[in-house]
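First the proteins, then the strands, lettered A, B, ... as listed; each starts at 1.
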Amino acid sequence: MPEILEVETARRVLEARALNREIARVHAPDTWFMKRGTTAPALRHALVGNAFTAARRRGKQIVLDTENPDVRVGVHLGMSGRVLVDDEEAGDPLVYASNRRMVKWHRFGVHFADGGDFMLRDPRRLGAVELDPDESRLGPDAMTLTFAQLDHAIAKRTAPIKAVLMDQHRIAGLGNLLVDEVLWRAGIAPGRVAFTIDPAERKVLHKAIRTTLRTLDRRGGSHTGDMPRALEVPCPRDGAPLRRDKVAGRTTYWCPVHQH
DNA sequence: CGAACTGTTTAAAC
DNA sequence: CGTTTAAACAGTTC
């Protein structure tokens with residue numbers, strides 16, 4: 001369940017249900033899943049007897065603070081990761097996130113002293129857990145992005161606008177589905193060289209990012225956009241056939257008639 | 001059966 | 001330095 005809206009849903013569940021509960025045991029069976037030198041013994045040492053005190057988010061990265069100010073845990077959901085607290089699923093999955101319950105897909109988690117637990121289920125294993133994540137690697141959060149921040153991210157970039165918007169180092173949180181929806185709403189072609197987007201268009205783009213995130217969040221997730229991700233369905237705005245191209249290495253749907 | 005999929009990281013090439 | 005491309009991860013879906 002990637003995309004920032006689903007990550008925010010997971011964060012809210014962690015905030016509501018996983019804080020201030022003493023951690024009794026750590027489940028970290030998967031070496032591949034632990035990134036940047038993080039190991040199971042290190043996680044145990046950092047977390048057993050400790051408790052989460054805050055669940056924050058920057059882009060798609062969830063950061064759990066603990067009672068020990070030196071211990072923070074970064075949790076990433078990848079493409080198919082899902083948060084479960086006390087065996088209940090947090091938030092709706094996107095299409096390719098499996099609903100099956102397989103214990104072997106629990107790549108990381110903690111058992112609380114009260115008997116409950118928080119588990120990260122990730123069939124495809126593309127998520128991650130790490131101690132003390134470097135939050136400075138990420139750009140400003142997409143959900144609170146200001147015009148000045150967007151303007152700065154775009155400045156001087158010769159890459160396609162879609163690549164810039166998806167670069168987590170420049171803006172944190174926008175993924176493939178959301179960027180296509182945003183650009184479709186803003187009327188900007190995904191392959192457009194970023195710095196050629198003029199100030200008026202940047203205003204429109206900024207508004208589209210904010211509106212899209214707010215609207216799709218209210219509707220229930222990143223898959224509730226207005227632009228069909230299919231070639232058989234014409235553009236709802238002007239009836240033109242949509243195009244499917246590869247932009248920034250990702251499959252991209254867009255309308256060649258109203259996106260320039 | 002084959003291809004594609006919401007993500008990130010790393011490497012290599014230009 | 002910036003940008004692009006490919007590979008890797010593993011399961012589901014069309």
Side-chain angles (χ1 to χ4, degrees), chain A residues 1-10 29-38 57-62 74-83 90-108 120-130 133-135 137-139 142 152-183 190-196 212-213 216-217 219-225 227-233 244-253:
Chain A
M1 50 184 283
E3 286 288 18
I4 192 170
L5 301 176
E6 289 71 32
V7 178
E8 172 61 13
T9 302
D30 190 346
T31 306
W32 163 264
F33 207 72
M34 294 176 266
K35 299 293 157 67
R36 264 173 267 283
T38 299
R57 181 191 55 73
R58 178 147 170 180
K60 301 170 209 168
Q61 177 76 57
I62 292 174
V75 168
H76 204 291
L77 302 181
M79 274 202 192
S80 62
R82 210 163 169 191
V83 163
D92 295 320
L94 280 171
V95 181
Y96 292 98
S98 173
N99 285 318
R100 293 169 57 204
R101 312 174 79 85
M102 299 279 286
V103 173
K104 70 172 181 180
W105 293 340
H106 291 185
R107 313 295 183 183
F108 169 74
L120 175 49
R121 182 176 67 206
D122 183 5
R124 289 184 64 186
R125 233 176 152 210
L126 297 171
V129 61
E130 64 179 307
D134 178 10
E135 295 172 58
R137 287 177 303 152
L138 297 169
H152 182 254
I154 288 176
K156 299 183 180 144
R157 296 297 117 227
T158 60
I161 184 62
K162 172 157 176 170
V164 174
L165 294 179
M166 289 216 306
D167 183 344
Q168 304 298 301
H169 176 69
R170 304 208 173 277
I171 297 171
L174 298 178
N176 199 31
L177 294 182
L178 287 175
V179 165
D180 280 3
E181 177 77 13
V182 162
L183 291 173
R192 178 84 172 276
V193 170
F195 79 82
T196 67
T212 301
L213 291 177
L216 270 52
D217 192 26
R219 288 181 189 172
S222 303
H223 54 298
T224 60
M227 189 197 67
R229 298 188 70 79
L231 297 177
E232 309 81 57
V233 187
R244 183 175 70 187
D245 291 321
K246 209 72 134 176
V247 181
R250 307 298 297 276
T251 298
T252 302
Y253 290 89

Kindly say if H76(A) contacts the phosphate of dG7(B), meaning a side-chain N or O under 4.0 Å from OP1 or OP2.
no
For dT8(B), does either OP1 or OP2 sit under 4.0 Å from a side-chain N or O belonging to Q168(A)?
yes
May I ask you to decide if A194(A)'s main-chain N or O and R157(A)'s side chain share a donor-acceptor pair within less than 3.5 Å?
no
Ignoring hydrogens and angles, write down the donor-acceptor pairs under 3.5 Å from the side chains of residues 166-174 of chain A, residues two or more places apart or on other chains.
{"residue": "D167(A)", "atom": "OD1", "partner": "H169(A)", "partner atom": "N", "Å": "3.0"}
{"residue": "Q168(A)", "atom": "OE1", "partner": "G173(A)", "partner atom": "N", "Å": "2.8"}
{"residue": "Q168(A)", "atom": "NE2", "partner": "M166(A)", "partner atom": "O", "Å": "2.9"}
{"residue": "Q168(A)", "atom": "NE2", "partner": "L174(A)", "partner atom": "O", "Å": "3.1"}
{"residue": "H169(A)", "atom": "ND1", "partner": "R137(A)", "partner atom": "O", "Å": "3.1"}

Using a 4.0 Å heavy-atom cut-off across all strands, classify K60(A) as base, sugar-phosphate, or nothing.
sugar-phosphate
Looking at every strand, decide which applies to R229(A) at a 4.0 Å heavy-atom threshold: base, sugar-phosphate, or nothing.
sugar-phosphate
For K162(A), all residues meeting side-chain hydrogen bond (donor to acceptor under 3.5 Å, both in side chains), sequence neighbours excluded
N176(A), D180(A), T252(A)
Less than 4.0 angstrom between a side-chain N/O of S80(A) and OP1 or OP2 of dC5(B), yes or no?
no
R137(A) side chain near dT9(B) phosphate (N/O to OP1/OP2, under 4.0 Å)
yes
For atom CE of M166(A) and atom P of dC5(B), their distance in whole Å:
11 Å
Taking salt bridge (Lys or Arg N to Asp or Glu O under 4.0 Å) as the test, write out the residues that go with D30(A), two or more places apart.
R107(A), R125(A)
Given that both pair distances must be under 3.5 Å and the pair must be Watson-Crick or G-U, what runs of three or more consecutive pairs involve DNA chain B?
B:2-5 with C:11-14, B:7-14 with C:2-9
I need the NZ-C1' distance between K104(A) and dT12(C), as an integer number of Å.
13 Å
Distance, P atom - from dT5(C) to dA4(B), rounded to whole angstrom:
16 Å
Can you check the L231(A) CG to dA4(B) C1' distance for me, whole Å?
13 Å
Pairwise P distance for dC1(C) and dT8(B), with rounding to whole Å
22 Å
Length of the line joining L77(A):CG and dT8(B):P, which is rounded to integer Å
10 Å
CZ of F33(A) versus P of dG7(B): gap in Å, rounded?
15 Å
Which whole-number value in Å describes the distance from I161(A) CD1 to dG2(C) P?
17 Å
How would you list, by chain and number, every residue that makes a side-chain hydrogen bond (donor to acceptor under 3.5 Å, both in side chains) with T158(A), sequence neighbours excluded?
none
Base contacts versus sugar-phosphate-only contacts with protein, heavy atoms under 4.0 Å: please encode nucleotides 3-9 of chain C as B, S and - from 5' to 3'.
SS----B
Using the P atom as the point on both nucleotides, what is the distance between dA3(B) and dA7(C), in whole Å?
13 Å
In this structure, how many angstroms lie between the C1' atom of dT12(C) and the CZ atom of R82(A), rounded?
14 Å
One thing to verify: whether R58(A) and E135(A) come together as a salt bridge, which I'm taking to mean a side-chain N less than 4.0 angstrom from a carboxylate O.
no
Which nucleotide, dT9(B), dT8(B), dC5(B), lies nearest any side-chain atom of R36(A)?
dT9(B)
Taken in chain and number order and not counting sequence neighbours, the residues that satisfy salt bridge (Lys or Arg N to Asp or Glu O under 4.0 Å) with R250(A) are none
NA contact type, R244(A), heavy-atom cut-off 4.0 Å: base, sugar-phosphate, or nothing?
nothing
Starting at atom CD1 of I62(A), determine the distance to atom C1' of dT8(B), rounded to an integer number of angstrom.
15 Å
Does E181(A) have any side-chain hydrogen bond (donor to acceptor under 3.5 Å, both in side chains) partners at least two apart in sequence or in another chain, and if so, which?
R185(A)
Results of salt bridge (Lys or Arg N to Asp or Glu O under 4.0 Å) for R244(A) - residues two or more places apart only:
none
Treating E3(A) as the side-chain partner and G221(A) as the backbone partner, does any N or O pair qualify as donor plus acceptor under 3.5 Å?
no
